[in-house]
Every structure is written in C-alpha cells, then in structure tokens.
Amino acid sequence: MRMVLKFGGSSLASPQHIHHAAGLAAALAKKGTQVVVVVSAQGDTTDEMIENAKAVSASRSQREMDAYLCAGEQMSAALMAMALQQQCVPAVSFTGFQAGIQTDDCFGCARIQSVNPERIQAALEAGKIAVVAGFQGIDREGNLTTLGRGGSDTTAVALAAALHAHVCRIYTDVDGVYDRDPRQYPNARRYRYICYNRMLSMARRGAQVLHDRCVELARDNRIRLEVRSTFTDAPGTIVGR
Ligand code: ADP
Ligand code: ASP
Ligand code: MG
C-alpha cells in the first residue's frame, strides 16, 4: 500500500500541530504503508511573505516572488521530517525540485509538466517517509516556480500519479467537502462521495478546499482523493468516479 498525505497550512500552524500531523503519517507507516507527505507553508506564512515582499518592492518580479514563496513550504518540509525523526520514524525532506517536479515557466501559476520521482521512490524503498514541499517546481532553465495559491493539493496528486499511489489523502481544517463553504453556511451539507466533475466545477467556482488543477489531475489519472480533517476522525469525503 502506498499513500500520499497532504497537510495544509492550518494543519501545520505550530510545533504541536506539526507533531500531530507527523503522528498521523507515522501511524500509517508503522502499519506498513509507504507514505509520502506533502506539506504547505505553516499557518498564514504565504500571506505574510506576500505582505513582506510588498513592503520591500512595489514592482515585484514574479520570478523573485516565486523564489521567495517556495521557502515557506521548504521550511515546513524540513520541520515535518524533523518531527517524524523525533517520533523515531525514518524520514527525509525534499524540495519540489529534489522531488523531480518540472513545470512550465509561468511564474505564479506554473503547470506541472513532468514528475521524475526517482529520489522519492528510493526513499520509500529504504523504508523512509518522504516529505515533499508542496506548491513548487522548477522550469526547464532551473528557475523556481509556484503552482498558484492552494497549489500544494496539486503537488500531492501529481506525486500520487507518478508513484502509482493507491490513495491521495488531503488533510485540512474541515471534515470534508460540503455543498457550500461550511464556515460561511452552518447548514451546509457534507458529501460522503462526490464525483470528479462536480468537485471540479465547485473548485473552479472558488471552493478553496481543493485546488482546481488537483481535481483535474486526479480525474485524468483516476486517483482516489480523500478529503479529511486533521483534527477529527470523521470519515470525510471521497472524490472519485
Ligand atoms: P488548507 O490550508 O488545508 O489547504 P484551505 O484553506 O485551502 O485549507 O481549504 C479549506 C477551507 O476551504 C475550509 O476552511 C473552508 O472554509 C473552505 N471551503 C470553501 N468551500 C468549501 C466547501 N464547499 N467544502 C469544504 N470547505 C470549503
Ligand atoms: N502556501 C501556498 C498558499 O498559501 C500553497 C498551499 O497552501 O497550497 O497558497
Ligand atoms: Mg488549500
């Protein structure tokens, strides 16, 4: 069994959060599952970095913004690997580049063109959890790129496809996909199952819970997506055919 788990920013907001998320990954690894963990930047780090860059320059080049923003996810990846090691689980972190994620050169909204998962595969075969920085890749010239806001979801599915994982599980701060944003509409209803196309149209209309490109990639590669809460045991939502 091979699984890709993705943790969003609110699931990694503090050292305690990182340890809790690491514990979820470790429990699966201890049962014999090969686990890849994809991480977002902690908490509101990306928003804060954007504000910081604005304070430095009014005319920010997209190339430098991407070079800067990639660091948020890289910090999370290293911290997650440290947390796993602290829990006595072998783990190693990778940037998007080290994970073999190549994109086009559309800075700020790059699309993944290929994934060469050799190093991830080797880490899994060596019995380690591979922790990958989401949201990023490199273009043909070796420049750092980012996949657009919310793009760590897409990193997770792209790796699931390249590694022939059985499941891609998106851990987030709500316990599944609802018919409307449950934070704005307390009466929103949760889906137990939702098909790719309905999920895709919701994501394209702005349902932040999944990046639209992630849903397209899952559909095109028939990856089973599970959306779950990091903080409860609720079964969540399965996105599939
Ligand atoms: P993460 O940091 O884990 O990637 P996001 O903030 O990107 O989390 O996405 C989760 C948020 O998506 C939820 O907190 C919720 O407010 C919002 N959301 C919007 N529409 C929906 C929906 N239809 N179902 C579930 N959550 C939704
Ligand atoms: N950190 C990035 C963002 O805030 C990517 C992600 O969270 O998926 O948009
Ligand atoms: Mg998100």
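Start at 1 and go down the list; that is how both ligands and their atoms are numbered. Keep in mind that what you see is a predicted model, and the values were worked out from it rather than measured. Residue numbers start at 1 and run along the sequence shown.
- Contact annotation: for Arg180 versus ligand 1, heavy atoms closer than 4.0 Å belong to the backbone alone.
- Proximity of Gly151 to ligand 2 is established by a heavy-atom distance of less than 4.0 Å.
- Heavy-atom proximity to Lys6, at under 4.0 Å, picks out these atoms of ligand 1: 4 (O).
- Per-residue contacts place Arg183 under 4.0 angstrom from the following atoms of ligand 1 (heavy atoms of the residue considered): 13 (C), 14 (O), 16 (O).
- Below 3.5 Å of separation, one finds no N or O of Asp153 facing any N or O of ligand 1.
- Not one N or O of Phe135 is nearer than 3.5 Å to an N or O of ligand 2, by distance alone.
- Panel note: side chain Gln87, backbone His19; a donor-acceptor pair is recorded below 3.5 Å.
- Those atoms of ligand 2 with a heavy atom of Arg149 less than 4.0 angstrom away are 3 (C), 4 (O), 9 (O).
- Here Lys6 pairs with Asp153 in a salt bridge; the nearest charged N to carboxylate O distance falls below 4.0 Å.
- The ligand atoms of ligand 1 that sit less than 4.0 angstrom from a heavy atom of Asp173 are 10 (C), 11 (C), 13 (C), 14 (O).
- Residue contacts with ligand 1, taken as heavy atom pairs separated by less than 4.0 Å, involve Pro182 solely via side-chain atoms from C-beta onward.
- Atoms of ligand 1 lying under 4.0 Å from at least one heavy atom of Gly9, given by number and element, are 2 (O).
- If you number the atoms of ligand 1 from 1 as listed, the ones under 4.0 Å from a heavy atom of Val174 come out as 13 (C), 14 (O), 25 (C), 26 (N).
- Where the criterion is an N or O separation shorter than 3.5 Å, residue side chain and backbone included, Gln208 meets it with respect to ligand 1.
- When only interatomic distances are considered, the shortest N/O to N/O separation between Lys6 and ligand 2 does not fall below 3.5 Å.
- Residue Ser40 has at least one heavy-atom neighbour below 4.0 Å for each of these atoms of ligand 2: 6 (C), 7 (O), 8 (O).
- Polar contact check, Ser40 against ligand 1: no nitrogen or oxygen pair lies under 3.5 Å apart.
- Counting the atoms of ligand 1 from 1 in the order shown, those under 4.0 Å from a heavy atom of Ala207 are 20 (N).
- The shortest separation from a heavy atom of Gly150 to ligand 2 is under 4.0 Å, placing the residue in contact.
- Residue contact check: Gly8 has heavy atoms under 4.0 Å from atoms 1 (P), 2 (O), 3 (O), 4 (O) of ligand 1.
- Thr146 and Asp66 share a donor-acceptor pair across their side chains, judged by distance under 3.5 Å alone.
- The pair Lys54-Glu51 meets the salt-bridge criterion, with a side-chain N (NZ, NE, NH1 or NH2) lying under 4.0 Å from an Asp/Glu carboxylate O.
- Contact annotation: for Arg189 versus ligand 1, there are no heavy atoms closer than 4.0 Å.
- Residue Val177 has no nitrogen or oxygen atom sitting less than 3.5 Å from a nitrogen or oxygen atom of ligand 1, judged on distance alone.
- Close approach of ligand 1 to Tyr178 is summarised as follows: ligand atoms under 4.0 Å from at least one heavy atom of the residue are 22 (C), 23 (N), 24 (N), 25 (C).
- When non-hydrogen atoms are compared, ligand 1 lies under 4.0 Å from the backbone of Val209 as well as from its side chain.
- The side chain to side chain contact (heavy atoms under 4.5 Å, CB included) test with Cys214 singles out one residue from Thr154, Leu147, Ile223, Thr155, and that residue is Thr154.
- Of the protein's non-hydrogen atoms, Thr172 OG1, 2.6 Å is the one closest to atom 3 (O) of ligand 1.
- Near Glu73, with a cut-off below 4.0 Å to any heavy atom, the atoms of ligand 2 are 1 (N), 2 (C), 5 (C), 6 (C).
- No donor-acceptor pair closer than 3.5 Å links the side chain of Gln42 to the backbone N or O of Ser76.
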